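Below is one structure; the comments refer to it alone.
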There are 2 protein chains.
Amino acid sequence: MHPTHKPRAIPPSRRRVTAAMVAEHAGVSTATVSLVANGKAIGRVSASNEAKVREAIRELGYVVDGIGSSLARGVSNTVIMVAPDISNPFFATVIAGVRFALGSEYQLLLSVTDAGQLPSADDTRKLLGLRPAGLLVDAPDPSFLEELSAPGPLVLLDAPEFGSDVPAVNLDVAQGARLLAEHLAETGHKKVAYLDGTTGTTTFEVRREAFLLASRELGMEVPECALAATTVNVALAAEEFSAVWPRWKKAGVTAVACATDTHAYGILQEARATGISIPGELAVAGFDDLPYSRTSAPGLTSVHLPGELLGRRAGEQLLRLMAGEELETQQVVLQSSLMVRGSTLEA
Amino acid sequence: MHPTHKPRAIPPSRRRVTAAMVAEHAGVSTATVSLVANGKAIGRVSASNEAKVREAIRELGYVVDGIGSSLARGVSNTVIMVAPDISNPFFATVIAGVRFALGSEYQLLLSVTDAGQLPSADDTRKLLGLRPAGLLVDAPDPSFLEELSAPGPLVLLDAPEFGSDVPAVNLDVAQGARLLAEHLAETGHKKVAYLDGTTGTTTFEVRREAFLLASRELGMEVPECALAATTVNVALAAEEFSAVWPRWKKAGVTAVACATDTHAYGILQEARATGISIPGELAVAGFDDLPYSRTSAPGLTSVHLPGELLGRRAGEQLLRLMAGEELETQQVVLQSSLMVRGSTLEA
DNA sequence: CTGAAAGCGCTTACAG
DNA sequence: CTGAAAGCGCTTACAG
């Protein structure tokens, strides 16, 4: 019966500790246990019973079972955030903001999809089957939202193309684009180019159109040949730039705006490799203000988007919705700003 | 009763569609509905009943409720991955691998913590309260694991310091460190430096110790002054390098290995700014082989770690565990490789 | 093959 | 203040 090998510590009974066990241990009903465990004891449970229950909870190591609780209440205490692009460093700051806003009452869970992909209808249904207390969806596309029937509390992030009927927190990238155009106009540029992203994300369209519009309004010209596009990839952007630069140069382009800093890194790199002077010969700027932009050589001028704030505001809105409150503002728009660095400004 | 404003499409009854509703609609019991809905009908439900149920499911838009199902079964079909560092681009590739391995049977959910932080004991308990079918924990620290009592299927990723009693998939960073040392020795370096990370992650220790050991074995010297450390941050690494470089130079150091590519970017940047020739005057290399390393100027020599494979193998192991199978190999170790680029090799 | 019933663990009126 | 009981939606022996 007692084999020779070292007796190991008896594993604490694998059995899940239930409210019923706590109730028995404390000599009360499970209703009382529930009240105490959920912090609803004030004025509903006698001090002595409360103490007994707390003691029993500690002794047995009881934790309220999320599944049972969710079933009884109709919703879980989970907030699910659907995230299409986890590889973007920008996204980490958004998450940090959401976590900050949500605090510890709700459990934040991320559902990630493959880069740039949105969750399938099937995935979405499964997520809803988890009965989240709230849903946060970053950069959704319109068709995705149609599938999301009966969603309960829902806040969209970075979803500029949606109507005002669904709560959203957006970034005013158009404003940032204008700031950038103004900066280039002020520093004397007459002909500018634009290196776009090819993923068809709405924000890319907004960035481009706002920049082109503002540029023209400010009297700068965008030569026909001066529009290019690649996926969000340093190497491909470098390649594309090396292919189009001769034409741009011939057309008199002296500045280029890029849909993302990543694109801009490609240009910086290619310029360095081939001896194009930045910003002397070509001024370069991007969007996103990624961490590396502060430290590249030259530093990259970039439209800064407040990621942490985006997450925080979205979390706050969702919190209100989950509390059953009305939103005073359905649509929150956050200002962007321009970080001017060496890539557009001679030292 | 019928106000003048446009009547909108009647919202599909907000009531959740339950198995009972489907059962009634199809004229069968909920047991039959459950069998069909879960694909367990073969040989247990008559073809005609199955057809009726399927039709009812479609008509009513029934989806099995995850919460009810989880409660009845004891576990959910959710796999939770605990991720301490979502801002690392490397991590996105790991996730992709996990998703690939897991397929569509399980729902992957990420629980992220603030950069470098591990989930609190409290958070962990809440996660367990979701009754995940399996748990994946990336880069845990030992104390975290102790709290994880009765975890069910669990696979660790990148957790070199754990014993062989808990299933894990690890990266052989030590091997990569040796490859790097060999490369530097072969290219003629006699004195090398190391720029470490300060977060105290185990993998950083392994990288450093393996590199230093191999370097010495290969006859290279690591001068006392040639060890520095900063957090994982380009700007801080640049600053630190600018502070220590004079001493390193005086000591005869001609090559530096960095705990991460991010550190190395800082050195590249500072070197460019101050005119230190890379690799002529100083060869530079890092770990992680981040996307930018391929395209920096010069390209950064780096120890490549197979992130996608790491995720995939971990997912596969977890799948086996969740299926109740024994693991033939508890500990999987993945080889790293050295990507040699311009930062250590004159063109 | 089929359905009634028990049970998963909890919460919340409800009656006392 | 307290507890018995119903109910959340499902799954799974079990008896037929």
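The sequence lines fix the lettering, A, B, ..., with proteins before strands; numbering per chain opens at 1. As the structure is a prediction and not an experimental result, all values here were calculated from the model.
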Closest nucleotide of DNA chain C for B:Asn49 versus for B:Arg73: which of these residues is on the 5' side?
B:Asn49
Spacing of A:Lys126 atom NZ and B:Ser104 atom OG [to the nearest 0.5 Å]:
5.0 Å
Using whole Å, report how far [atom1] of [X] lies from [atom2] of [N].
X: A:Met21; N: C:dC8; atom1: CE; atom2: P; result: 12 Å
X: B:Arg131; N: D:dG9; atom1: CZ; atom2: C1'; result: 14 Å
X: A:Ile57; N: C:dC10; atom1: CD1; atom2: C1'; result: 13 Å
X: A:Ile67; N: C:dG7; atom1: CD1; atom2: C1'; result: 16 Å
X: A:Arg16; N: C:dG7; atom1: CZ; atom2: P; result: 18 Å
X: A:Leu35; N: D:dA4; atom1: CG; atom2: C1'; result: 15 Å
X: A:Glu50; N: D:dG3; atom1: CD; atom2: P; result: 14 Å
X: B:Leu71; N: C:dC8; atom1: CG; atom2: P; result: 9 Å

Sorted by position of nearest nucleotide on DNA chain D, 5' first, the leading residue of B:Ala20 and A:Thr30 is A:Thr30
OP1 or OP2 of [N] under 4.0 Å from side-chain N/O of [X]:
X: B:Lys40; N: D:dT12; answer: yes
X: B:Ser70; N: D:dC10; answer: no
X: B:Ser69; N: D:dG9; answer: no

Heavy-atom pair of closest approach, residues A:Arg16 and A:Asp65
NH1-OD1, 3.6 Å
Distance-minimising heavy-atom pair for B:Asp158 and B:Pro140:
O-CD, 4.3 Å
Side chain of [X] only, heavy atoms from C-beta on: which candidate in [options] is closest?
X: A:Ser34; options: D:dG9, C:dT12, C:dG9; result: C:dT12
X: A:Thr32; options: C:dT2, C:dC10, D:dT2; result: D:dT2
X: B:Ala19; options: D:dT2, D:dT12, D:dC10; result: D:dC10

Strand partner of C:dG3, provided both Watson-Crick or wobble distances fall under 3.5 Å:
D:dC14
Is it true that atom CD of B:Glu105 has more than 12 heavy atoms of other residues, nucleotides or ligands lying nearer than 6.0 Å?
no
Would you classify A:Val33 as touching base, sugar-phosphate or nothing, given that sugar-phosphate means primed atoms plus P, OP1 and OP2, and contacts are heavy atoms under 4.0 Å?
nothing
Under 4.0 angstrom, heavy atoms only, what part of the nucleic acid is A:Ala31 near: base, sugar-phosphate, or nothing?
base
Could you check whether any side-chain heavy atom of A:Pro167 comes within less than 4.5 Å of a side-chain heavy atom of A:Leu321, counting everything from C-beta outward?
yes
